[in-house]
Amino acid sequence: MEYKVINHTVAKKDSQALVTGQPVYTDDLRPKDCLIVKALRSPHARAIVKNVNKSAAEKVPGIVCIVTADDVPQSRFTIAGQTYPELSPYDRLILDKQIRFVGDPVALVAGTSEEAVDKALRVLRVEYDVQEPLLDFTKALDNDIVVHPEDNWNPLVDVGGDNKRNLVAQACDEHGDIDAVLASSDVVIDRTYHTRQNQQGAMETFRAYAYKDAFGRLTIVSSTQVPFHVRRIVANALEIPKSKIRVIKPRIGGGFGSKQTAVMEVYPAYIAWLTGKPAYMIYSREEFMTVSTPRHESQIRVVLGASKDGHIRGIFVDSLWNAGAYGEHTPTTVTLSGHKSIPLYNAAEAFRFSYTCVYTNTIAAGAYRGYGATQGLFALETAVNELAAALHMSPVALRLKNLVRQGQVMPAYFNETALSCTLDKCLERVVQMSGWHDDCPRQVLPNGHIRAIGIAAAMQGSSITNVDVASVTIKVNDDGFYSLNIGATDMGTGCDTILAQIAAECLLCPVDNIVTYGVDTDTSPYDSGSYASSTTYLTGNAVVKTCQSLIQRMKERAAVKLGSAGIDNLEFDGQAITDLATGKKITIKDLGNDAMFMNDIALEATESCYSPTSPPPYMAGAATVDVDPETGHISLVQYDAVVDCGTVINPALAKVQTEGGIVQAIGMALTENIQLTPSGRIQNNSFMQYRMPTRMDLGQINVEFEPSYEPNGPFGAKSIGELVIDSPAPAIAHAIYNATGIWLRDLPMTAEKLYKAMRKNSGSWLV
C-alpha cells in the first residue's frame with residue numbers, strides 16, 4: 001500500500017534543537033538556586049547502621065539538612081515503573097538501617113553548593129554492624145543469610161515469593177507431557193548458560209530536580225521513561241497524595257530501560273518536600289555504574305529433544321535470576337526468558353518453562369532493553385545451534401523446519417495467534433546477505449586467522465497484553481494545525497516523530513502540521529510509559545483512534561457551518577470538508593479559526609487504547625567473526641540483520657534503532673561484565689573499567705526489513721525497540737563455534753575464555 005507519510009523517512013521533531021545545543025535536558029532546565037543533594041553510601045554489602053554522627057557535617061557552612069533512616073517515612077515501596085498493582089514487591093525504604101549492597105544509601109545531604117555537600121559527606125561518621133554478605137545467587141535460595149528479614153515485606157501480587165527464603169518469585173508453566181516427549185526423543189541435549197549483569201551506559205545519567213509550586217504541590221522534573229509511574233512511586237515513598245505531585249519529562253539522553261525504574265527521583269523529591277526549597281540530584285558516572293539497575297544475571301538450563309530428521313519435539317527452559325538487593329522488575333523480566341524464546345519453535349509438542357528469582361547482596365537489577373528475552377534467547381538459540389551440530393544438520397534447515405509461521409497459534413505465547421510473521425523470509429534473506437554456506441561456514445585466512453559465520457533468530461512483543469494503556473489528545477488550532485499531546489516518552493528513539501507521522505497519515509496533512517507535546521502528568525493524557533516495546537504499536541493505535549474521533553467532531557462542526565442535514569454526506573480530504581450533496585466546503589484552516597467564537601463543538605478528541613494481544617516482531621541475524629587462534633582474540637567483522645516489525649513507519653529511525661540494539665548486544669556478547677570483589681564491591685565503576693564497544697570494535701552492520709502486515713497495529717506496524725538486541729549474542733557464539741569447535745556458554749565471550757578452552761580442547765578444532 002502506498003502511504004503519503006507512513007513508510008517515509010522524516011527528520012526527528014527535536015533534531016534541530018539537539019544538534020544546535022538548545023537547553024532541552026533536565027540539567028539545562030533546573031533552577032540555579034536548587035539545593036544540591038547527594039547520598040552517603042555504604043562501603044559494605046551487608047550491615048546494620050547503628051549510628052550516624054551528623055554533628056560535624058551539620059556545622060559545614062551551606063548545609064541545609066542531613067537525613068537518615070530515622071527521619072524518613074517507613075512505608076515500603078518499589079521503584080519499578082510498572083502498571084499498578086506492580087508485580088515487583090514493595091521492599092524498599094527511602095533510607096534503611098539494613099544495608100543490602102555496596103552503595104546502598106545511608107544518608108542524604110542537601111546544601112547550597114556541591115563543595116559544601118562534598119565536605120559534609122567526608123565528615124559524616126557512621127557506625128556499622130558489618131555482616132557476612134550473600135553474593136552467589138546460585139546459593140541464595142534458603143540460605144542462612146537472609147537479605148530481606150523484615151516482616152513488612154509487601155508483595156501486592158502473589159508471584160511465588162518468600163523474603164525469608166530469599167525468594168522474589170517462582171513459577172512453572174507447561175504444555176503437553178514434556179517428560180514423556182524428552183524420553184522418547186532420538187536426540188536430547190542438556191546445556192546450561194550463564195549471562196552476566198550489564199549496564200545501559202546512557203550518556204545522560206540519572207537526574208531530577210523537584211520544587212514546591214505556589215499551591216504547595218511537589219513538581220518533579222526528571223529524565224524518566226515513566227512519568228505517571230514516578231508520580232505514584234514518589235507518593236508511596238513520601239506518604240503523600242498523588243494529587244500533590246506533578247511530574248514533567250524533558251528530553252532524555254538515553255534510557256534503554258534503565259529509566260523505567262525511578263532510581264533516584266524520591267531523593268530530591270523528599271528533600272524538596274521537607275525543606276520547601278528546590279532540590280536537584282545528579283548521579284555521577286560512578287553512581288550510574290554501581291548503584292543503578294543493570295540487566296539481571298542469569299543461569300539458564302535448556303533441554304531440547306528432537307527426532308533424527310530435525311523435528312524439535314520438546315523444549316524445557318529453567319531460569320535462575322539474580323534480583324540483587326531489591327526485587328524491582330525481577331518477577332516480570334524473568335517471564336520473558338521463556339515466553340519470548342520458546343514460541344520461536346512452535347512445532348514443539350511439549351514445553352516446560354520454570355523460573356526461580358532470588359535476592360543477593362549485590363546491586364539490584366532492573367529493566368534493560370530486551371527485558372529478560374535477551375538472556376533467554378541467548379540460551380535457547382545457542383542450544384538450537386548445538387542441537388543442529390548434534391544432529392549433523394544445517395542450523396538454517398533446522399530452523400526452517402521448526403520456526404513459527406504466520407497463522408499459527410503459539411501455546412508458549414499465551415495461545416496468541418501469529419497474525420503477522422515473515423521470520424522464515426528474514427532467515428532466508430540473512431543467509432544470502434551473510435554468504436552463509438551450510439557445507440563450510442568457515443575459512444582460514446592467509447594470516448592464519450579463522451573467519452566464520454553464525455546464525456540466530458529472535459522475537460519480542462508489542463506492549464504488555466491487557467495491561468498497558470496509551471492515551472492521546474489531538475486538538476485543532478486556529479489556522480488548522482494540530483496539537484498532539486501524548487503521555488508516551490521520547491527517550492531519543494524518535495517516538496514524538498513516529499506518532500506525528502501516524503497522525504499526519506490519518507489527518508491527511510504534512511507532518512509539520514502536527515505539533516507534538518511531551519509529558520506533563522498534569523496535562524498529558526495517561527500513558528503507562530515508554531517500555532515493553534509499546535509506543536509505536538500501542539500509542540500509535542491510540543493516535544489512529546483519536547484521529548478518527550477528531551475527524552468525526554470536525555464533520556459535526558462542518559455540518560453546522562455548511563447547513564448540512566448530517567455528516568453522512570461529508571467528505572474529509574485533509575484540506576477541507578465537503579458536502580457531497582451541495583458541493584459546499586469549509587477548509588480545515590477556517591474550521592480551526594471558526595472554533596474560536598460562537599462554537600459549541602470542541603474540536604478536540606482524547607482516546608485511550610489497550611491491546612488484548614502483543615504481536616511479536618521477529619528478527620534473523622548472522623554474525624561474521626575473525627578469530628586469532630594464537631591468542632583467542634575475537635573480532636566482529638560483519639553483522640547482518642533482517643527485521644519483521646510489520647509496516648516500517650520511519651525507515652531511517654527503524655534502521656538506527658536496529659543498529660543501536662545490535663551494538664549493545666555485541667557489548668553484552670564480547671566485552672561487558674560487571675565484576676565484584678570478594679566483599680561485594682563493583683570494580684567496573686567507569687568507562688575505563690567497564691568495556692563498552694566503540695566504533696573501532698565493530699565491523700560492518702547491515703540492516704534490512706522484511707515487512708509483514710499486523711492487522712492489530714497502526715497501519716500494520718509492530719514494535720522494534722527491544723527485539724534488535726536479542727539475536728547477536730547467540731549468533732556470535734555460533735560463529736565462534738564454527739571457527740574453533742568451542743561452545744562458549746558464559747558471557748561475555750572473551751579472548752581469555754576462548755584461548756583457555758582451545759588449549760584445553762586442542763583436539764576439537766583444526767586450523
Side-chain angles (χ1 to χ4, degrees), residues 82 85-89 137-143 155-185 188-195 296-306 312-323 327 329-360 365 371-384 404 409-416 459 461 464-467 614 616:
Q82 299 172 318
E86 306 95 323
L87 297 182
S88 300
F137 78 114
T138 66
K139 300 177 181 178
L141 186 63
D142 296 322
N143 197 290
L156 271 63
V157 179
D158 183 6
V159 292
D162 183 343
N163 61 309
K164 300 301 175 68
R165 300 180 60 204
N166 290 324
L167 184 61
V168 181
Q170 190 174 56
C172 181
D173 182 26
E174 55 188 324
H175 169 79
D177 190 340
I178 184 65
D179 296 320
V181 167
L182 292 176
S184 62
S185 294
V188 176
I189 67 163
D190 186 339
R191 304 287 188 268
T192 299
Y193 303 89
H194 181 207
T195 70
H296 289 79
E297 182 180 16
S298 75
Q299 179 175 282
I300 302 177
R301 180 187 174 204
V302 179
V303 184
L304 298 178
I312 299 177
R313 299 184 55 211
I315 304 173
F316 171 37
V317 174
D318 181 58
S319 292
L320 177 62
W321 231 240
N322 182 12
H329 293 286
T330 299
T332 44
T333 54
V334 71
T335 62
L336 273 66
S337 66
H339 290 304
K340 297 292 173 67
S341 60
I342 298 172
L344 274 177
Y345 299 99
N346 207 47
E349 301 162 33
F351 74 84
R352 178 183 294 143
F353 169 45
S354 58
Y355 58 81
T356 301
C357 311
V358 294
Y359 285 116
T360 61
Y371 205 78
T374 313
Q375 296 97 309
L377 283 162
F378 167 68
L380 181 58
E381 280 298 278
T382 304
V384 168
V404 62
V409 175
M410 299 174 284
Y413 196 60
F414 311 106
N415 288 313
E416 284 194 24
M459 64 175 284
I464 303 176
T465 308
N466 292 323
V467 173
S614 179

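Keep in mind the model is a prediction, meaning the values are calculated, not measured. Values below: all heavy atoms of this structure, side chains included; hydrogens, waters and symmetry mates excluded.
Scanning for salt bridge (charged side-chain N to carboxylate O under 4.0 Å, His left out) contacts around Asp177 gives an empty result, with sequence neighbours left out. Under the rule for a side chain to side chain contact (heavy atoms under 4.5 Å, CB included), the partners of Asp173 that lie at least two apart in sequence or sit in another chain are His339, Phe351. Annotation: side chain to side chain contact (heavy atoms under 4.5 Å, CB included) contacts of Val303 (sequence neighbours excluded): Leu182, Val188, Asp190, Arg301, Phe316. Qualifying side chain to side chain contact (heavy atoms under 4.5 Å, CB included) partners for Asp158, counting only residues two or more places apart in sequence or in other chains: none. Among residues two or more places apart in sequence or in another chain, the ring pair (Phe, Tyr, Trp, His ring centres under 6.0 Å) test is passed with Phe137 by none. Every residue meeting the ring pair (Phe, Tyr, Trp, His ring centres under 6.0 Å) condition with Tyr193, not counting sequence neighbours, appears here in chain and number order: Phe378. Not a single side-chain hydrogen bond (donor to acceptor under 3.5 Å, both in side chains) links His175 to another residue, sequence neighbours left out. Partners of Thr192 by side-chain hydrogen bond (donor to acceptor under 3.5 Å, both in side chains), not counting sequence neighbours: none found. Partners of Glu381 under the side-chain hydrogen bond (donor to acceptor under 3.5 Å, both in side chains) rule, at least two apart in sequence or in another chain, are Tyr345, Arg399. Taking Thr332 as the reference, Gln82, Leu87, His329, Tyr371 meet the side chain to side chain contact (heavy atoms under 4.5 Å, CB included) condition, with sequence neighbours excluded. Under the side-chain hydrogen bond (donor to acceptor under 3.5 Å, both in side chains) criterion, Lys139 pairs with no residue, sequence neighbours left out.
Counting only residues at least two apart or in different chains, salt bridge (Lys or Arg N to Asp or Glu O under 4.0 Å) contacts with residues 343-357 comprise Glu174-Arg352, Asp179-Arg352, Arg313-Glu349.
No donor-acceptor pair under 3.5 Å is formed between the side chain of Thr382 and the backbone N or O of Ala379. Counting only distance, with no hydrogens or angles, the side chain of Gln375 and the backbone of Ser337 share no donor-acceptor pair below 3.5 Å.
Residues Gly160 and Leu167 come closest through the heavy atom pair O-CD2, 3.2 Å. Of all non-hydrogen atoms in Asn166 and Ala140, the two that sit nearest each other are ND2-O, 3.0 Å.
Between atom CD1 of residue Ile300 and atom OG1 of residue Thr195 there is a gap of 6.0 Å, rounded to the nearest 0.5 Å.
For the side-chain contact (heavy atoms from CB on, under 4.5 Å) with Pro331, the qualifying choice from Cys357, Pro89, Pro155 is Pro89, the only one to do so. Partner Asn322 forms a side-chain hydrogen bond (donor to acceptor under 3.5 Å, both in side chains) with one of His296, Glu297, Gln299 and no other, that one being Glu297.
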